[in-house]
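Values below: every heavy atom of this structure, side chains too, minus hydrogens, waters and symmetry copies. Bear in mind that the values here come from a model prediction, so they are computed numbers and not experimental data.
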Amino acid sequence: MDTFDFVIIGAGPGGEAAAFKARQRGASVAIIDRRWFGGSCPHIGCLPSKALLYSASRHAGNPETYPWPRASAHRDYMINRAAGAPEPDDSGHQQRLRDAGALPYRGAGRIVARGEVEVDHDGTTHRLGARNIVIAVGSSSKVPPIPGLDETEPWTNYQATLARELPKSLLVLGGGPTGCEIAQVYARFGVPTTIVQSGDRLMPTDHPRNAAAVTDGLRASGVDVRLGVRAKAARAKAGRDGAHVIELDDGSSAEGHAILLAVGREFPLGGLGLEAYGIDAADREPFPRDGRLRLDDGLWVIGDPAGPELHTHQAHYQGEMTVRMALGDDVTPDYRALPRATYTDPEAAFVGVSLDQAKAAGIDAFEEVAEFATSTRGYAVEATGGHVTIVVDRASRQLVGAAVACLDASAAIHECVLAIQARVTIDVLAETIHAFPSTSRIFNGLFADALAKLDPPQAS
């Protein structure tokens with residue numbers, strides 16, 4: 001039995017990051033995945049959805065020069081899928097791991113004893129010793145228990161991001177980032193699109209102003225946004241022109257020739273053999289999803305199953321952090337400055353906490369808000385909505401939260417990410433020069449307003 005410093009089960013962004021960091025530190029690595037090396041993100045997640053969003057924005061501006069076949073080809077280029085091929089090619093990810101000195105195995109990895117993993121690869125069962133086992137299995141689309149849903153053959157992000165033909169209509173169940181992004185893509189390509197969200201707003205974990213801006217953006221793109229209603233039954237091909245029908249709990253219904261499930265994620269922990277470490281994977285939450293990463297001596301979890309959230313950049317951070325911790329570095333995961341970004345039009349980004357969350361945590365905080373549409377940048381691009389918001393801790397004089405919904409939000413937020421991570425005070429931020437008339441320049445005015453509130457001008 002070969003023994004490795006790290007045996008990584010799951011070769012998505014977190015697993016790859018752990019493998020590369022371990023090899024940089026001179027540690028031996030075996031990495032296992034049953035499907036795609038690289039994981040969902042580059043194949044049926046982040047990259048194809050963002051490519052499609054870009055194409056949808058081009059199509060919205062000039063339909064004749066950017067039709068769906070061009071968008072589909074651009075998406076295929078991004079995910080390394082050849083013309084006519086059913087799925088992307090992950091060989092480049094495997095080769096990069098080999099080039100780094102890691103040993104990849106394609107198959108289902110399972111823990112058979114403490115510090116031992118088996119994998120069936122190329123018709124042979126391999127038994128691997130592991131000083132550290134890293135669980136990096138990602139997540140899959142949750143299938144809600146709706147009677148009749150199976151008969152509609154619902155989509156997940158797999159079908160939604162890989163489709164080469166547009167459906168006649170689309171019904172999205174779930175209003176998180178995935179549901180919102182995909183809804184806008186198809187609506188902008190002329191597909192009648194409805195999004196059904198059980199809560200009272202879209203993107204419930206995002207800042208409320210971001211949720212409002214994205215909702216306005218979807219409606220402007222032609223999406224029928226239905227809030228506060230829950231699917232209770234499905235009838236296949238029972239609607240107009242053979243569309244599927246979803247019955248809602250308010251007595252109404254919604255239709256779609258394709259139904260996309262975007263109601264949450266599940267973590268494929270069953271069958272991994274976690275019982276060897278005393279962990280019952282059959283429990284709803286076999287371990288706290290609090291981002292601590294270490295489950296037991298030599299056993300680690302990263303990425304979606306680790307929590308606290310679901311982001312590719314979180315998984316990458318955790319992969320590297322796990323290796324550092326396992327090799328003895330005196331470090332601890334820190335999620336105070338974990339950014340979130342949704343790439344709709346307008347983009348929405350959020351870091352830290354909202355004002356209500358800050359107050360609930362006992363922080364004496366206040367916020368400053370600027371409307372993007374009435375900023376110089378907003379006037380220049382003829383914006384009709386959007387905002388830039390900061391949340392400040394009076395005691396520490398530091399930023400504890402920021403939210404942006406407008407052009408360039410996903411880039412502009414990173415000034416606040418760094419400020420929160422480095423505990424930069426408002427005094428420094430207010431004196432920082434920002435390029436005019438960028439989106440980031442709006443922060444400059446907010447920082448100055450916050451400083452004036454912290455240090456009111458004295459009467460002469």
Could you grab the distance from atom [atom1] of [X] to atom [atom2] of [Y], nearest 0.5 Å is fine?
X    : Y    : atom1 : atom2 : result
T389 : L355 : OG1   : CG    : 10.0 Å
L173 : S198 : CG    : OG    : 10.0 Å
D33  : Q94  : CG    : CD    : 9.0 Å
I302 : H316 : CD1   : NE2   : 10.0 Å
L202 : D216 : CG    : CG    : 10.0 Å
D90  : I79  : CG    : CD1   : 12.0 Å

Looking only at non-hydrogen atoms, find the nearest pair between [X] and [Y] and report the distance.
X    : Y    : answer
L97  : F37  : CD1-CD2, 3.7 Å
G109 : L272 : O-CD2, 3.7 Å
V351 : R336 : CG2-O, 4.4 Å
I195 : V223 : CG2-CG1, 3.7 Å
L149 : P144 : CD2-O, 3.7 Å
S396 : T425 : O-CG2, 4.2 Å

Pair R131-F4, side chain to side chain contact (heavy atoms under 4.5 Å, CB included): steps then yes or no: CA-CA 6 Å; R131 297 180 182 89; F4 298 84; 5.7 Å; no

When you compare the side chain of [Y] with that of [X], does any pair of heavy atoms fall below 4.5 Å?
X    : Y    : answer
I9   : I31  : no
H313 : P13  : no
S57  : R188 : yes
V225 : T194 : no
T3   : L128 : no
T152 : V245 : no
F267 : V137 : no
E118 : H126 : no

Check for a donor-acceptor pair, side chain of [X] on one end and backbone N or O of [Y] on the other, with a separation under 3.5 Å.
X    : Y    : answer
T342 : T344 : no
R23  : A27  : yes
D5   : S28  : yes
Q314 : E309 : yes

Salt bridge or not for [X] and [Y], using N-O below 4.0 Å?
X    : Y    : answer
R127 : D2   : no
E255 : K237 : no
R114 : D296 : yes
R81  : E87  : no
R219 : D224 : no
K50  : E181 : yes

Please assess E266 against K142 for the test salt bridge (charged side-chain N to carboxylate O under 4.0 Å, His left out), listing each intermediate value before the final yes or no. CA-CA 5 Å; E266 294 180 326; K142 183 180 293 183; 5.7 Å; no

Does the side-chain hydrogen bond (donor to acceptor under 3.5 Å, both in side chains) test come out yes or no for N157 and S141, once each step is laid out? CA-CA 8 Å; N157 57 299; S141 293; 3.1 Å; yes

Looking just at side-chain N and O atoms, do [X] and [Y] make a donor-acceptor pair shorter than 3.5 Å?
X    : Y    : answer
D89  : S91  : yes
S72  : R75  : yes
Q184 : S221 : yes
R265 : S140 : no

Do H59 and F189 have ring centres separated by under 6.0 Å? yes

Does the gap between the ring centers of Y105 and H121 come in under 6.0 Å? yes

Salt bridge (charged side-chain N to carboxylate O under 4.0 Å, His left out) for R164 and D76? Distances and angles first, verdict last. CA-CA 9 Å; R164 285 195 170 108; D76 283 354; 3.0 Å; yes

How about [atom1] on [X], more than 12 heavy atoms from neighbouring residues, nucleotides or ligands closer than 6.0 Å, or not?
X    : atom1 : answer
R34  : CZ    : no
E153 : CD    : no
Q95  : CD    : yes
Y77  : OH    : no
R289 : CZ    : yes

Evaluate the side chain to side chain contact (heavy atoms under 4.5 Å, CB included) criterion for residues F6 and V323: first the C-alpha distance (whole Å), next the side-chain angles of each, then the deciding distance (0.1 Å), finally the verdict. CA-CA 8 Å; F6 293 90; V323 170; 4.1 Å; yes

Give me the ring orientation class for H207 and F350: parallel if the planes are under 30° apart, tilted from 30 to 60°, perpendicular past 60°. perpendicular

Applying salt bridge (charged side-chain N to carboxylate O under 4.0 Å, His left out) to R110 and D120, what does each step give before you reach the verdict? CA-CA 9 Å; R110 56 193 176 276; D120 295 325; 3.5 Å; yes

Passes side chain to side chain contact (heavy atoms under 4.5 Å, CB included), V172 versus Y186? Steps please. CA-CA 11 Å; V172 181; Y186 282 95; over 6 Å; no

Test E247 against every option in R230, R235, K232 by the salt bridge (Lys or Arg N to Asp or Glu O under 4.0 Å) rule and name the one that passes. R235

Let me see the working for N210 and E347 under side chain to side chain contact (heavy atoms under 4.5 Å, CB included), right down to the final yes or no. CA-CA 9 Å; N210 284 359; E347 288 187 349; over 6 Å; no

Starting from the C-alpha separation in whole Å, work towards a yes-or-no answer on ring-ring contact (aromatic ring centres under 6.0 Å, His included) for Y54 and H74. CA-CA 10 Å; Y54 164 78; H74 174 57; 5.7 Å; yes

